[in-house]
Amino acid sequence: MPHSLTLQAIRPVTHNVNELTFERPEGFDFTPGQATDFALDRDGWRNEQRPFTFTSLPGAEHLQFTIKSYPSHDGVTEQIGKMQPGDGVIIEDPWGAIADKGPGTIIAGGAGLTPFLSILRARQAEHGTLEGYHLIFSNSTEKDIILREELERMPGLALDLVLSDEDVDGLHHGKIDADYLDNAGIDFDGIVYLCGPPPMEEDLTTALKARGVSDERLVTEEG
C-alpha cells in the first residue's frame, strides 16, 4: 500500500549522506532493521523506486531515513540529496529480513550501516546499554564515516572503525577480510549481522561460514 510523505527536514551527516525527516502516516509501523521501497513524488520519478531503511525509532512521531547520494549512479539518490522541505515522496509497506536477534557482531560497510542504526537506537532506548554488541564499520575514508560521534557515544557498544583507502591514527587501515575476522575478537558461535556492498557481503559470508557461522546465526537482508 503506497503512503505519501512530506519532507519536514533534511540535514547533511557527511559530505554525501543526508538525514531526511518526514511526517509519519497514521498507523504506519515498522520493525527496526526494516526498509521500504521509496520514490520521489514528482513527474518522471514515481516509478523509480529504491530500497531505503528506516533509521528512526519505531515509536517516534516522524519517519527518518539516512541516505547516501551516488551522483554517478542513476540519478535517484542524487535527486534525494537535493530535496527541500515540502517535497513529497511515496513509500510502500515495510519489508526486510534484518532484525534485532540479540547481542552479537555487526559488520557494516558504508551505507550498509543504516539497517543497524534503528536497531541500535531502539535497543539503547529500551535497555539503556548496548553491552554485547560489537560494531565493525568499514568505510573508504574518515570523512565517509556516518554518524561517527553518535556511534562513539552509544553506551556499551564496542566500536571498530576500518578505513580501506586511508591510514588514520587510531583506526584500522585495510579491508575486512579473513585475516581481519580472525583477529577482531568475533564470537563465531554467536549472532553475526552483515550488510554492505554486494562484493563485500559475498566475500564475508563465505569467510564467516568457513569459521562456523551457521545460516541461522547470520543475519543479512537475504534472510
Side-chain angles (χ1 to χ4, degrees), residues 1-3 5 17 20 22 24-25 27-39 48-60 63-68 70 73 76-77 80 89-127 130 132-139 146-147 151 154 157 176 181 184 186-223:
M1 175 182 174
H3 303 269
L5 311 181
V17 177
L20 296 93
F22 295 88
R24 180 183 186 132
F28 189 93
D29 293 314
F30 68 92
T31 300
Q34 284 191 313
T36 184
D37 293 314
F38 179 115
E48 297 293 332
Q49 292 184 326
R50 297 294 183 272
F52 295 116
T53 309
F54 302 100
T55 52
S56 47
L57 293 174
L63 293 179
Q64 198 173 77
F65 299 87
T66 305
I67 298 176
K68 184 174 182 177
Y70 299 90
H73 286 199
V76 174
T77 61
I80 289 172
V89 303
I90 302 169
I91 67 170
E92 299 292 336
D93 289 336
W95 54 265
I98 294 179
D100 188 358
K101 305 294 186 181
T105 301
I106 299 170
I107 304 174
L113 175 72
T114 57
F116 307 117
L117 282 173
S118 182
I119 287 174
L120 293 172
R121 287 167 169 172
R123 169 69 65 154
Q124 178 183 333
E126 182 177 355
H127 298 279
L130 293 169
Y133 287 80
H134 178 194
L135 172 60
I136 301 171
F137 186 23
S138 176
N139 289 276
I146 298 170
L147 297 171
L151 294 173
M154 286 184 167
L157 178 67
I176 302 177
L181 295 178
I186 297 172
D187 177 9
F188 296 116
D189 292 324
I191 302 294
V192 179
Y193 303 82
L194 175 62
C195 188
M200 173 187 176
E201 284 199 27
E202 291 169 8
D203 290 346
L204 289 180
T205 294
T206 299
L208 289 165
K209 288 184 177 180
R211 284 155 179 77
V213 180
S214 66
D215 289 337
E216 293 75 20
R217 290 184 286 106
L218 182 59
V219 181
T220 70
E221 194 53 75
E222 299 304 317

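Scanning all heavy atoms of the two residues, the minimum distance from Ile91 to Phe38 falls at CG2-CD1, 3.9 Å. Of all heavy-atom pairs between Ile119 and Gly33, the closest is CG1-N, 3.9 Å. The heavy-atom pair separating Ile176 from Leu204 by the smallest distance is O-CD2, 3.3 Å. Pro25 approaches Leu63 most closely through the heavy-atom pair CD-CD1, 3.8 Å.
For Asp93, there are no salt bridge (Lys or Arg N to Asp or Glu O under 4.0 Å) partners two or more places apart in sequence or in a different chain. Among residues two or more places apart in sequence or in another chain, the side chain to side chain donor-acceptor pair (under 3.5 Å) test is passed with Glu92 by Gln49. In this structure, the side chain to side chain donor-acceptor pair (under 3.5 Å) partners of Lys209, at least two apart in sequence or on a different chain, are Asp215. For Ser56, the side chain to side chain donor-acceptor pair (under 3.5 Å) test picks out no residue, with sequence neighbours left out. Contacts of Glu216 classified as side chain to side chain donor-acceptor pair (under 3.5 Å), with partners at least two apart in sequence or in another chain: Ser214.
Side-chain contact between Tyr133 and Gln124: absent, with no pair of heavy atoms (C-beta onward) separated by less than 4.5 Å. Under the 4.5 Å side-chain criterion, counting only non-hydrogen atoms from C-beta, Tyr193 is in contact with Lys101. At least one side-chain heavy atom of Ile80 sits less than 4.5 Å from a side-chain heavy atom of Leu20. When side chains are defined from C-beta on, Arg121 counts as touching Thr55, because their heavy atoms get closer than 4.5 Å. Residues Ile98 and Cys195 have side chains in contact (heavy-atom distance under 4.5 Å, counting atoms from C-beta outward).
Within the 3.5 Å criterion, the main-chain N or O of Phe54 finds no donor-acceptor partner in the side chain of Gln34. At least one donor-acceptor pair under 3.5 Å links the side chain of Arg24 to the backbone N or O of Phe28. Panel note: side chain Thr77, backbone Tyr70; a donor-acceptor pair is recorded below 3.5 Å.
The CG atom of Asp100 lies 10.5 Å from the CZ atom of Phe116; values are rounded to the nearest 0.5 Å.
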Acceptor/donor pairs from residues 102-114 side chains to any protein atom, 3.5 angstrom cut, sequence neighbours excluded:
residue : atom : partner : partner atom : Å
Thr114  : OG1  : Ala111  : O            : 3.0

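Electrostatic pairing of Asp37 and Arg50 does not count as a salt bridge here, judged by no charged N lying under 4.0 Å from a carboxylate O.
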